[in-house]
2 protein chains.
Amino acid sequence: MKALETRQTIVAAADKLIYERGFEFTSFADIAQVVGISRGNFYYHFKTKDEILDAVIERRILDRAKMLDDWVEAGQSPKHCIANFIRILLMNNQKIRAYGCPIGTLFSELAKLNHPAVSGARDLYDLFRIWLVRRFAEMGRSEDADALAMHILARSQGAASLANAYPQEPFLEQEVKQMLAWLDAVADGATIET
Amino acid sequence: MKALETRQTIVAAADKLIYERGFEFTSFADIAQVVGISRGNFYYHFKTKDEILDAVIERRILDRAKMLDDWVEAGQSPKHCIANFIRILLMNNQKIRAYGCPIGTLFSELAKLNHPAVSGARDLYDLFRIWLVRRFAEMGRSEDADALAMHILARSQGAASLANAYPQEPFLEQEVKQMLAWLDAVADGATIET
DNA sequence: GACTCGATAGGACATTTGTCCTAAAAGTTG
DNA sequence: CAACTTTTAGGACAAATGTCCTATCGAGTC
């Protein structure tokens with residue numbers, strides 16, 4: 001098999017495992033078993049475990065960036081784009097209940113480990129943050145666009161955390177409804193306390 | 001030294017380390033070094049590592065329960081009590097920026113590890129949830145007390161997550177202000193979308 | 001002072017993990 | 001087919017970790 005293919009297969013498997021089990025608890029042996037290659041073969045594709053982490057983060061960034069860009073290029077209104085962002089929580093409902101937010105939980109773990117790749121995880125946050133700021137600015141809220149973006153980011157993170165803690169309750173759906181109502185209010189010119 | 005003293009010293013050190021580094025990344029050797037006892041001596045006080053985790057969770061529950069009860073017993077109004085809860089974020093500002101929320105990050109990690117003690121971590125959430133429900137009920141919001149409690153819990157979690165991701169920005173203060181404003185609105189009878 | 005028992009120290013042990021090395025297999029090119 | 005490169009398998013190795021065992025220390029008691 002081509003090296004690039006194998007590499008991508010490894011990254012995909014590592015992405016899934018790191019999401020489900022966390023980075024520190026995902027070993028080379030685990031990934032190798034899922035991919036179906038020998039443990040020793042890893043070091044042909046990745047020199048260190050951190051390299052796999054970097055590749056996984058890059059993969060997540062590219063994946064999310066594409067999703068966000070698709071919404072914009074589909075010609076949807078800024079408000080509709082932000083609503084789509086909020087509804088990500090519903091799209092990934094089951095996984096969030098089981099494993100939490102793929103971005104938040106990764107950042108949290110890397111921050112605790114003082115891991116160098118924490119900056120990459122922050123890039124993931126920045127990707128959404130900057131995208132949201134642009135959408136709010138397009139809605140005519142240039143002055144407080146960043147505050148609005150951070151607010152909705154935080155609420156998404158919080159909703160994901162509690163949905164993870166109480167997976168059997170319909171909490172996520174309620175919170176999404178409230179966030180969409182908040183978005184309506186913002187679109188109607190509601191102010192935000194600063 | 002008395003066994004109970006040593007045990008409490010160990011639990012206190014483990015609590016701090018587990019908060020700062022995470023459970024899986026805190027080894028017996030780390031805790032032993034901080035406490036100043038030999039690694040082998042651990043197994044006189046705790047038979048397994050999981051026992052230390054249980055003790056740490058119990059310690060956090062007792063600690064938080066005492067704090068919450070103190071507010072109620074001081075005769076503060078329900079609204080004031082909830083405001084105190086919101087301001088926990090400011091009290092622990094620096095630690096939250098550095099390590100995230102002690103409850104949220106612990107739960108997140110244990111959930112990923114499928115660790116049995118995850119139920120204990122959920123008890124920590126429940127402690128705040130039930131306490132908040134009582135306060136909202138005392139404010140005359142019996143019907144939607146749980147929804148209000150979950151909402152403010154989620155926002156606190158989200159605020160802590162983002163403060164951890166952007167520790168150098170004054171985000172936490174802004175979010176606390178918004179949450180207090182929300183509390184004012186709720187006290188004035190504002191409805192919450194369900 | 002001798003004895004008892006709770007508390008501690010230090011090390012042994014098996015397991016896991018990240019890392020590295022070497023040889024074989026698979027694929028490509030002449 | 002032959003020479004060469006790319007890719008893979010399997011194991012070796014050191015370090016770290018959770019666990020367990022045994023000898024020793026120290027305070028209280030007779």
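Numbers restart at 1 for each chain; the letters A, B, ... are given by sequence-line order, proteins then strands. Side chains included, hydrogens not; waters and symmetry mates left out as well; all remaining heavy atoms used.
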*Given axes from five pairs at either end, by how many degrees does the helix from C:dG1-D:dC30 to C:dG30-D:dC1 bend, rounded to 10°?*
10°
_Please check this pair: side chain of B:Asp30 against backbone of B:Ser27, looking for a donor-acceptor N/O pair closer than 3.5 Å._
yes
*With a 4.5 Å heavy-atom cut-off, do A:Tyr44 and A:Thr6 have their side chains touching?*
no
*Which pairs with one or both residues in residues 79-98 of chain A pass ring pair (Phe, Tyr, Trp, His ring centres under 6.0 Å), sequence neighbours excluded?*
A:Phe85-A:Phe128
_Among B:Met139, B:Arg134, B:Gln76, B:Glu138, which residue satisfies the side-chain contact (heavy atoms from CB on, under 4.5 Å) criterion with B:Cys81?_
B:Gln76
*Should B:Arg122 and A:Glu169 count as an ion pair when the cut-off is N to O under 4.0 Å?*
no
_So that I can tick it off, tell me whether B:Glu109 and B:Lys112 are bridged by a salt bridge, with the cut-off set at under 4.0 angstrom between side-chain N and carboxylate O._
no
_Just to be sure I understand the geometry, which residues of residues 35-47 of chain A put a non-hydrogen atom under 4.0 Å away from DNA chain D?_
A:Ile37, A:Ser38, A:Arg39, A:Gly40, A:Asn41, A:Tyr44, A:His45
_Partner residues of B:Tyr43 under the ring pair (Phe, Tyr, Trp, His ring centres under 6.0 Å) criterion, sequence neighbours left out_ = B:Phe28
*Verify the contact: side-chain N or O of A:Thr48 to OP1 or OP2 of C:dG18, cut-off strictly under 4.0 Å; return yes or no.*
no
*asked:* Output the rounded distance in Å from NZ (B:Lys49) to C1' (C:dT16).
replied: 13 Å
*When B:Asp146 is tested against each of B:Arg141, B:Arg129, B:His151 for side-chain hydrogen bond (donor to acceptor under 3.5 Å, both in side chains), which residue passes?*
B:Arg129
_B:Lys49 side-chain N/O to B:Thr26 backbone N/O, donor-acceptor pair under 3.5 Å_ = yes
*Apply side-chain hydrogen bond (donor to acceptor under 3.5 Å, both in side chains) to A:Tyr19 and list each qualifying residue two or more places apart in sequence or on a separate chain.*
none
*Tell me which residues in residues 20-34 of chain A put a heavy atom below 4.0 Å from DNA chain D, sorted by number, or none.*
none
